[in-house]
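Below, read A as the first sequence line, B as the second, and so on, with proteins coming before strands; counting in each chain starts at 1.
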There are 2 protein chains.
Amino acid sequence: MAYQRSALMQERLAENRERILRAARTLVAQGGFREASINAVAAAAGLSTGALYRYFPSKADLFVEVLTEAVRRECDILREIIARPGTADQRLRAAVESFARRALEGPHLAYAFIAEPIDPEVDAARILCRQEFSDVFKTVLGQGLASGEFPPQSVDVAAACIVGAFTEALVRPVAPTTPRSKDEKLVEAIVDFCARAVAGPSTTMRPAAPRKRAKA
Amino acid sequence: MAYQRSALMQERLAENRERILRAARTLVAQGGFREASINAVAAAAGLSTGALYRYFPSKADLFVEVLTEAVRRECDILREIIARPGTADQRLRAAVESFARRALEGPHLAYAFIAEPIDPEVDAARILCRQEFSDVFKTVLGQGLASGEFPPQSVDVAAACIVGAFTEALVRPVAPTTPRSKDEKLVEAIVDFCARAVAGPSTTMRPAAPRKRAKA
DNA sequence: TCACAAATTTAATCCAGATTCATTTTATAC
DNA sequence: GTATAAAATGAATCTGGATTAAATTTGTGA
């Protein structure tokens, strides 16, 4: 007779898989990918290293899944915010603020997901993820542009700049220094920066030709 | 008799050291830190691995030097640009443009210097370097703020955002796709983004009203 | 020329962490 | 219960790259 897993067993296995993913996420959140070795993940999940390989073919596969899963959730939230009623400016602000706020909760996690390299395979997945973030912002930028609320600008570049701006502003200080009060100011300043950037006065006051600027 | 190196020998040694630094920089420029193993660097410099350790105590030390040297040069250029006459807006634009343009020449290099982690020791040095970049932008932001040319804003955050914005916008596409024509557009878009961000309307007021715009 | 110091080479060694595998334990079918 | 399949263990292996060291070559001072 063919061997068949009982429903209970099925569930336990699925649970283990979840536990591994959760453990990996938690470890990354605590100390970035550096802290998230296979051994550490397995231990945190209450399994042996060997067992882990029953659930994921390689470290890269595991972290690709951790990454895409987290980014999917994040993007869902952002898309929901952007779909709300309001001006493009309001919605953009809300999205940036929400993004920034959650990033502050787990700076290591945010950094790891946005920037920290581990493995070429994971890095490749990350590029897609950043694209997904960028696309969310592009949506609202495009709307503001179409309605004339925002001045003409490259939505692609602006979207990337927004992601980059708060990555740099938020994610750098992974250091212990993180008093709550400062955070509020920081989030506000970042939101303002991004909002000004897209809503600011039209900038191309200079004719494209005369470029007497320095390059060196 | 005390052993003493001839002037010729002295020079050859110094030259070797330079060659190592140059080789390291070149390799990083080609493929990031990942490609720049000690063996590769030594080979590229025309020396053996062992010899390299005569010049630098460790890989970390070597790359800290590569990094700080490159950043020092870059900041010198930026400071010079910012010290020129002109409005804060003009000088900020010139600095961002110059920075962006050179980053485009070697995206891997720029990425590696701004973001790519290798080693805790090097990462620590990088934080100082980013601070240095940020400080340059802070200078001009502070001037524009003092003169009333820019609306109230956090210069610290804005400076970090500027660095982040164009890091993300420029450095991501490390892919082969780099047609010159696109580059021009890209640089312009980034410069505009940053300029709008700092010069934009005061942010507390949020007029949904479409703003007057010039040509793109 | 010789003797010794420094530089260089080459081939280990070391290390950390991912991956595997022989063995043991647990689950399923009868 | 027994026999077999799947799952789990954890120690052993494998790997890639930094680091070291013994042996060799080159430079310096007599």
Side-chain angles (χ1 to χ4, degrees), chain A residues 1-20 23-24 27-28 30-66 112 116-123, chain B residues 1-20 23-24 27-28 30-66 112 116-123:
Chain A
M1 258 301 109
Y3 185 100
Q4 187 160 348
R5 285 179 299 220
S6 71
L8 191 72
M9 192 61 189
Q10 288 268 21
E11 195 173 322
R12 193 143 64 73
L13 293 188
E15 214 171 88
N16 278 350
R17 196 169 197 283
E18 267 316 303
R19 220 201 306 284
I20 293 169
L27 283 176
V28 171
Q30 281 169 4
F33 285 127
R34 262 208 247 277
E35 304 289 315
S37 70
I38 285 287
N39 280 314
V41 172
L47 288 167
S48 65
T49 18
L52 195 148
Y53 279 86
R54 235 177 157 59
Y55 296 87
F56 297 91
S58 76
K59 190 190 188 191
D61 284 83
L62 166 59
F63 282 108
V64 165
E65 187 158 337
V66 169
E116 186 182 0
I118 358 165
D119 175 292
E121 215 177 311
V122 178
D123 292 357
Chain B
M1 256 301 112
Y3 184 100
Q4 188 158 352
R5 284 179 299 219
S6 71
L8 191 71
M9 193 59 187
Q10 289 268 23
E11 195 173 320
R12 194 144 65 72
L13 293 187
E15 213 170 88
N16 278 351
R17 196 168 197 284
E18 267 316 302
R19 219 200 306 284
I20 292 170
L27 283 175
V28 171
Q30 282 169 3
F33 285 127
R34 261 208 248 279
E35 305 288 316
S37 69
I38 284 287
N39 280 314
V41 172
L47 287 168
S48 65
T49 15
L52 195 148
Y53 278 85
R54 206 147 198 81
Y55 296 87
F56 297 91
S58 76
K59 191 192 186 187
D61 284 83
L62 166 59
F63 282 109
V64 165
E65 185 158 339
V66 169
E116 184 181 2
I118 356 168
D119 176 291
E121 215 178 310
V122 178
D123 292 356

Nucleotides 19-21 of chain D: which of its N/O atoms have a protein N/O under 3.5 Å away?
residue: D/dT19; atom: OP2; partner: B/Y53; partner atom: OH; Å: 2.4
residue: D/dT19; atom: OP2; partner: B/K59; partner atom: N; Å: 2.9
residue: D/dT19; atom: O5'; partner: B/Y53; partner atom: OH; Å: 3.2

Could you state the [atom1]-[atom2] distance from [X] to [N], rounded to the nearest angstrom?
X	N	atom1	atom2	result
A/R34	C/dC15	CZ	P	20 Å
A/L8	D/dA7	CG	C1'	14 Å
A/D61	C/dA18	CG	C1'	13 Å
A/Q10	C/dT26	CD	P	20 Å
B/E15	C/dA7	CD	P	15 Å
A/I118	C/dA16	CD1	C1'	16 Å
B/L47	D/dT25	CG	P	18 Å
B/F33	D/dA18	CZ	C1'	16 Å

task: Drop me the distance from A/I118's CD1 to A/F63's CZ, to the nearest 0.5 angstrom.
output: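 If we round to the nearest 0.5 Å, A/I118:CD1 and A/F63:CZ are 6.0 Å apart.
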
task: Working to the nearest 0.5 Å, report the span between CG of A/L8 and CG of A/L13.
output: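 It comes to 9.5 Å.
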
A/R5: side-chain hydrogen bond (donor to acceptor under 3.5 Å, both in side chains) partners, not counting sequence neighbours: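 Applying side-chain hydrogen bond (donor to acceptor under 3.5 Å, both in side chains) to A/R5 gives none.
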
field: Under the side-chain hydrogen bond (donor to acceptor under 3.5 Å, both in side chains) test, residues paired with B/R17 that sit two or more places apart
entry: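 Result, side-chain hydrogen bond (donor to acceptor under 3.5 Å, both in side chains) vs B/R17: B/E65.
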
message: Suppose we screen for side chain to side chain contact (heavy atoms under 4.5 Å, CB included). Which residues come up paired with B/Q30, at least two apart in sequence or across chains?
response: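 Checked B/Q30 against side chain to side chain contact (heavy atoms under 4.5 Å, CB included); matches are B/T26, B/L27.
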
- prompt: side chain to side chain contact (heavy atoms under 4.5 Å, CB included) with B/E15: which residues, sequence neighbours excluded?
  reply: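 Partners of B/E15 under the side chain to side chain contact (heavy atoms under 4.5 Å, CB included) test: B/E11, B/R19.
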
Closest to side chain of [X], choosing from [options]:
X	options	result
B/R12	D/dT26, C/dT26, D/dT28	D/dT26
A/Y55	C/dG17, D/dA7, C/dT8	D/dA7
A/M9	C/dA18, C/dT8, D/dA7	D/dA7

What pairs of nitrogen or oxygen atoms, one from the protein and one from nucleotides 1-6 of chain C, lie under 3.5 Å apart?
none

- request: Using a heavy-atom cut-off of under 4.0 Å over every strand shown, decide if B/S48 touches base, sugar-phosphate, or nothing.
  value: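 Here B/S48 touches the bases of the nucleic acid.
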
- prompt: With a 4.0 Å cut-off on heavy atoms, is A/N16 in touch with a base, just the backbone sugar-phosphate, or nothing at all?
  reply: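 Sugar-phosphate: the residue A/N16, judged by heavy atoms under 4.0 Å, touches backbone atoms but no base.
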
task: Sorted by first residue and then second, give each salt bridge (Lys or Arg N to Asp or Glu O under 4.0 Å) pair with at least one member in residues 33-48 of chain B; sequence neighbours left out.
output: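 Qualifying pairs: A/D123-B/R34.
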
Report, one line per pair, each donor and acceptor closer than 3.5 Å where one atom sits in a side chain of residues 41-61 of chain A; sequence neighbours left out.
residue: A/S48; atom: OG; partner: A/A51; partner atom: N; Å: 3.3
residue: A/Y55; atom: OH; partner: A/N16; partner atom: ND2; Å: 2.9
residue: A/S58; atom: OG; partner: A/A60; partner atom: N; Å: 3.3
residue: A/S58; atom: OG; partner: A/D61; partner atom: N; Å: 3.2
residue: A/S58; atom: OG; partner: A/D61; partner atom: OD1; Å: 2.7

